[in-house]
Amino acid sequence: MTVINSSRSRAVRSRTGRVLTYALVLALALAIAVPVVWVLLASLKKKSEFFGSPWTLPEGLRLQNYADAFVDAHLGQYFLTSVFVTVLGLVLVLAVSVPAAYVIARYDFPGRGIVEIALLGGLFVNVNYIVVPIFLMLVGWDKALVDVFPGGFFIDNPAMLSLVYAATSIPFTIYLLTAYFRSIPVEYEEAASLDGASRWRIMTRIMLPMARPAVTTVILFNFLAYWNDFIISLTLLPGDGKTVQVGLLNLFTAQKAAADYGRLYAGMVIVIVPVLIVYAFIQKRLIEGMASGGVKG
């Protein structure tokens with residue numbers, strides 16, 4: 001009788017735990033979804049609709065708000081700048097980090113320990129704290145090359161902003177990829193070497209496809225860091241070629257006087273949608289990377 005009662009108690013506790021877990025997940029999902037849906041609906045409203053109840057549905061689909069945000073507020077130009085900076089930054093960081101992580105994980109060379117310690121130290125450096133030294137360094141380079149580039153080259157250059165993004169995210173990217181490469185059995189490489197494959201071919205055709213979950217993870221994290229950055233882009237792009245985050249702030253500042261909230265919320269949707277699209281495409285790979293990392297760790 002005692003055993004039966006104990007089994008029933010465990011079953012009740014298990015059901016209660018599942019119910020609480022589902023309730024917590026539902027609450028978190030609503031906390032994220034409700035503001036996003038509200039912003040989406042607000043972006044379709046006319047200016048006059050904001051002076052009534054903020055929770056009413058829009059009277060119609062005012063897509064003109066998006067056209068105004070893209071054209072009149074120049075968010076289209078800022079959006080393209082952000083896309084260019086983010087994509088180029090991802091290409092640069094992967095081009096450097098993947099080979100470096102593979103070499104650190106698989107080859108023993110003089111000074112490898114020092115390199116790993118330096119990379120670990122880079123994880124504790126917040127780039128927002130060193131943006132002023134970076135800015136002063138680039139200004140100094142522009143002054144040194146003023147005869148060659150009278151209008152400047154390093155400041156107000158989206159390509160240089162991508163390079164700064166990539167350089168500052170290399171420690172995190174190499175650290176994560178190195179850990180994943182080390183978790184892959186070395187027998188795969190030995191078999192490929194016996195078949196006559198070169199080191200480059202082994203890395204690109206054997207190791208890189210197997211490390212796809214880790215690569216997807218670093219792409220997502222770096223994409224979010226580059227796309228959502230404000231301080232670095234504001235500092236290094238002081239001219240008209242702003243990123244979408246800085247452009248959104250300028251739009252927000254202008255709308256305080258104009259009170260055209262529909263266009264403002266349309267700008268917010270323009271900023272949010274790329275993040276949702278990227279996550280929707282790679283969420284499966286991201287979950288696979290977390291699961292495999294948890295099992296192998």
Side-chain angles (χ1 to χ4, degrees), residues 29-91 151-152 155-162 164-165 219-283:
L30 289 176
I32 296 173
V34 169
V36 173
V37 173
W38 189 87
V39 170
L40 177 60
L41 294 177
S43 68
L44 301 173
K45 291 184 177 182
K46 298 179 181 178
K47 184 189 303 185
S48 58
E49 295 181 64
F50 286 94
F51 298 98
S53 174
W55 294 104
T56 56
L57 294 175
E59 297 177 359
L61 301 180
R62 183 173 170 76
L63 299 179
Q64 184 63 33
N65 291 332
Y66 289 90
D68 293 341
F70 256 98
V71 179
D72 297 342
H74 306 292
L75 278 187
Q77 173 187 345
Y78 303 152
F79 183 88
L80 293 177
T81 301
S82 287
V83 170
F84 171 79
V85 168
T86 301
V87 172
L88 181 58
L90 290 175
V91 171
I155 295 297
D156 207 19
N157 186 345
M160 289 305 304
L161 178 61
S162 298
V164 171
Y165 283 162
I219 287 176
L220 177 62
F221 278 92
N222 287 328
F223 169 81
L224 293 176
Y226 302 166
W227 185 264
N228 294 326
D229 170 68
F230 174 79
I231 296 178
I232 304 174
S233 61
L234 177 65
T235 305
L236 301 186
L237 296 180
D240 296 331
K242 304 181 186 302
T243 60
V244 71
Q245 298 292 342
V246 180
L248 184 62
L249 176 65
N250 293 345
L251 177 61
F252 177 76
T253 303
Q255 296 311 115
K256 286 184 177 180
D260 193 350
Y261 296 110
R263 187 165 65 171
L264 173 62
Y265 287 115
M268 292 182 182
V269 173
I270 293 172
V271 174
I272 294 172
V273 166
V275 177
L276 298 179
I277 293 175
V278 169
Y279 183 76
F281 273 107
I282 68 176
Q283 63 171 335

Non-neighbouring partners of [X] that pass side chain to side chain donor-acceptor pair (under 3.5 Å), sequence neighbours left out:
X      : value
Ser43  : Tyr66
Asp156 : none
Asn157 : none
Gln77  : none

Say you draw a straight line from [atom1] of [X] to [atom2] of [Y]; how long is it, rounded to the nearest 0.5 Å?
X      : Y      : atom1 : atom2 : result
Gln64  : Lys46  : CD    : NZ    : 12.0 Å
Leu161 : Asp229 : CG    : CG    : 7.0 Å
Leu248 : Met268 : CG    : CE    : 6.0 Å
Thr243 : Leu234 : OG1   : CG    : 8.0 Å

For Tyr165, give me all partners under ring-ring contact (aromatic ring centres under 6.0 Å, His included), at least two apart in sequence or on another chain.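 By the ring-ring contact (aromatic ring centres under 6.0 Å, His included) rule, Tyr165 matches Tyr226.
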
Stepwise side chain to side chain contact (heavy atoms under 4.5 Å, CB included) check, Val246 with Leu237: CA-CA 10 Å; Val246 180; Leu237 296 180; over 6 Å; no

Set of side-chain contact (heavy atoms from CB on, under 4.5 Å) partners for [X], sequence neighbours left out:
X      : result
Pro35  : none
Phe79  : Val83, Trp227, Ile270, Pro274
Val273 : Val269, Ile277
Leu224 : Leu220, Asn228, Val275

Where do [X] and [Y] come nearest, in terms of heavy atoms and distance?
X      : Y      : result
Val85  : Ser162 : O-OG, 2.9 Å
Asp68  : Arg263 : CB-CD, 3.3 Å
Tyr265 : Ala42  : CD1-CB, 3.6 Å

Could you walk me through whether Val244 and Leu75 pass side chain to side chain contact (heavy atoms under 4.5 Å, CB included), step by step? CA-CA 6 Å; Val244 71; Leu75 278 187; 4.2 Å; yes

Quick one: are Val271 and Gln245 in side-chain contact, heavy atoms under 4.5 Å?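 Side-chain contact under 4.5 Å: yes.
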
